[in-house]
Amino acid sequence: MSNASTTPVRRQAWAALDQHRRHIGDAHMRQMFEDDPNRFERFSLEDCGILLDYSKNRITSETLRLLLDLARGSQVESWRQRMFAGRPINFTEGRAVLHVALRNRSGRSFEVDGQDVMPQVQAVLEQMGRFCEAVRSRRWKGHSGKSIREVVNLGIGGSDLGPAMVCQALKPYADGPRVHFVSNVDGTHITETLKDLDPERTLFIVSSKSFTTQETLANARAARAWLLDRMGDESAIASHFAAVSTHEEAVRDFGIDPANMFEFWDWVGGRFSLWSAIGLSIALSLGMDRFQQLLEGAHRMDEHFRTRPLDRNMPVILALLGVWYRNFLGAASYAVVPYDQYLRRLPAYLQQLDMESNGKRIDRRGCRVKWDTGPVVWGEPGTNGQHAFFQLLHQGSQWVPADFILAARSHNPVGEQHRMLLANGVAQTEALMRGKSEQEVRREMEEQGLDRERLEALLPHRVFPGNRPTNTLLVDRITPETLGALLALYEHKIFVQGIIWDINSFDQWGVELGKQLASTVLEELRGRPAPRQHDGSTRALIDRLRKGFSSS
Ligand code: F6P
């Protein structure tokens, strides 16, 4: 790391870690476990209903000490304090980053520009509570006097992924109307969703922080047309549409009654917004009490993050391990593998949370960073992933650190299947760590009686290098509280990494260019003249599409 703009302390810590990397070389975790019978005790933490086992990582106590030096040199503690104090740490947009206020249970105030935001947070939670009670108790009637059975959230990115993932993850607790999520501008998404719905019993929630997002507004217009077509009366909108936004005027312009609008604020980033009224679909599905439990779990993790020393701090430890692999051992991606079918949307949610936050290359002073930043995040639930990409995890030419998420108890015990699921999850972390040496493979094949020629030919293919790191996050059961804590853990991990990488984790300028160009291409697809010159490929594609594919 040679960037002159960075602090000397950070430069030193970085150089020391670089040295250490050479020293630790290819030291094998298998050996580390053999040398230290207390490795699990030393490298695990438990709080907020989560046991974090990080002993299967390519680290020693010295690695951790140096990584903690890097965190201190990067002033993680003071940045953490600035975030909780409502300072405008999202400096490119001049905004505070205060999603922690949305789940604050401490009685402390949270100030933005000298004003406590807690009364507004509380007021919106109460409004959500009243609305949910009315809909869930069937007191809220649609235009024709029938109660609501179906809720459709229209939103994209943070206004979709968080609530959709949570509703899926906490399905065993769902006892309200059925919830559906439409995000894609592809008309198939809304068409397929509305196919089986009864308009008289359907409530739409238009969820958009900005209320300008093309996809969401297009789907909202389609939903309105569908409703009016079947109900035939403009006044039906009032009892079938609600909105969640920071922009009351835009909501009013769309024709939604501001009485059905739930506010949130520009100090809540889109990808951190499920804790705000963007979580309305969650509250409608599970009830307000369970939504509050989700917030409670997240708050417990906020307190853990805020008060625990760095070396006993779960988000900090996870962040430092990620930095170790990304910047010193060269891992370009990292996988999240929940051994829980209900968590199947978690990897997609974490993709936005992590990649939209830390997929940046400009530091806080506006210079090109000289080190790697956010990794590619991906994953699928176990055991499905085992039959898809685990081959690469075990024997690929690149190695991928992974988080394994396991719940001791299932919501759906079927025979011995949950034990089988857990056995697979635990065994995979062991296999990735231990591997299988040439000697072990040879012995195994000799015992199987393979002839020498066949044995020698197969031997290299059957060796597992091991030394592939995993974290295991173990909870008793996926409940609103444990899920809240788990999600806050990842939020704070990403925050710490952004501080160490010296980037702004809270803007997302990288999504703008594509949006801009799409609006000019759209004009051309509508048959209007090209407002800009295009390259040969883009021009040819537009031409073909204007002709409806046929080239003649
Ligand atoms: O993809 C960019 C983005 O701005 C995300 O950050 C955000 O979550 C999403 O679009 C949706 O934005 P909005 O809630 O304003 O419709």
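All figures in this text were calculated on a predicted structure; none of them were measured in a lab. Whatever order the structure lists ligands and atoms in, that order sets their numbers, starting from 1.
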Can you list the steps and then say if Lys141 with Ile148 is a side-chain contact (heavy atoms from CB on, under 4.5 Å)? CA-CA 7 Å; Lys141 302 287 185 229; Ile148 298 299; over 6 Å; no
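Protein residues are said to neighbour a ligand when one of their heavy atoms lies under 4.0 Å from it; for ligand 1 these are Ile156, Gly157, Gly158, Ser159, Ser208, Lys209, Ser210, Thr213, Gly270, Gln352, Glu356, Gln508, Val511.
Residue Lys360 forms a salt bridge (Lys or Arg N to Asp or Glu O under 4.0 Å) with just one option from Asp502, Asp354, Asp507, and that option is Asp507.
Salt-bridge check for Arg308 with Glu77: failed, with every basic side-chain N at 4.0 Å or more from each acidic carboxylate O. A salt bridge is defined here as a Lys NZ or Arg NE, NH1 or NH2 lying under 4.0 Å from an Asp or Glu carboxylate O, and Arg130 with Glu133 fails to meet this definition. Salt bridge status for Glu512 with Lys515: present, with a side-chain N to carboxylate O gap under 4.0 Å.
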Donor-acceptor list for residues 315-327 side chains, cut-off 3.5 Å, not counting sequence neighbours:
unit_1: Trp324; atom_1: NE1; unit_2: Arg58; atom_2: O; d: 2.9
unit_1: Tyr325; atom_1: OH; unit_2: Asn57; atom_2: OD1; d: 2.7
unit_1: Tyr325; atom_1: OH; unit_2: Arg58; atom_2: N; d: 2.9
unit_1: Arg326; atom_1: NE; unit_2: Thr373; atom_2: O; d: 2.5
unit_1: Arg326; atom_1: NH1; unit_2: Ala331; atom_2: O; d: 3.2
unit_1: Asn327; atom_1: OD1; unit_2: Trp501; atom_2: NE1; d: 2.7
unit_1: Asn327; atom_1: ND2; unit_2: Asp372; atom_2: O; d: 2.7

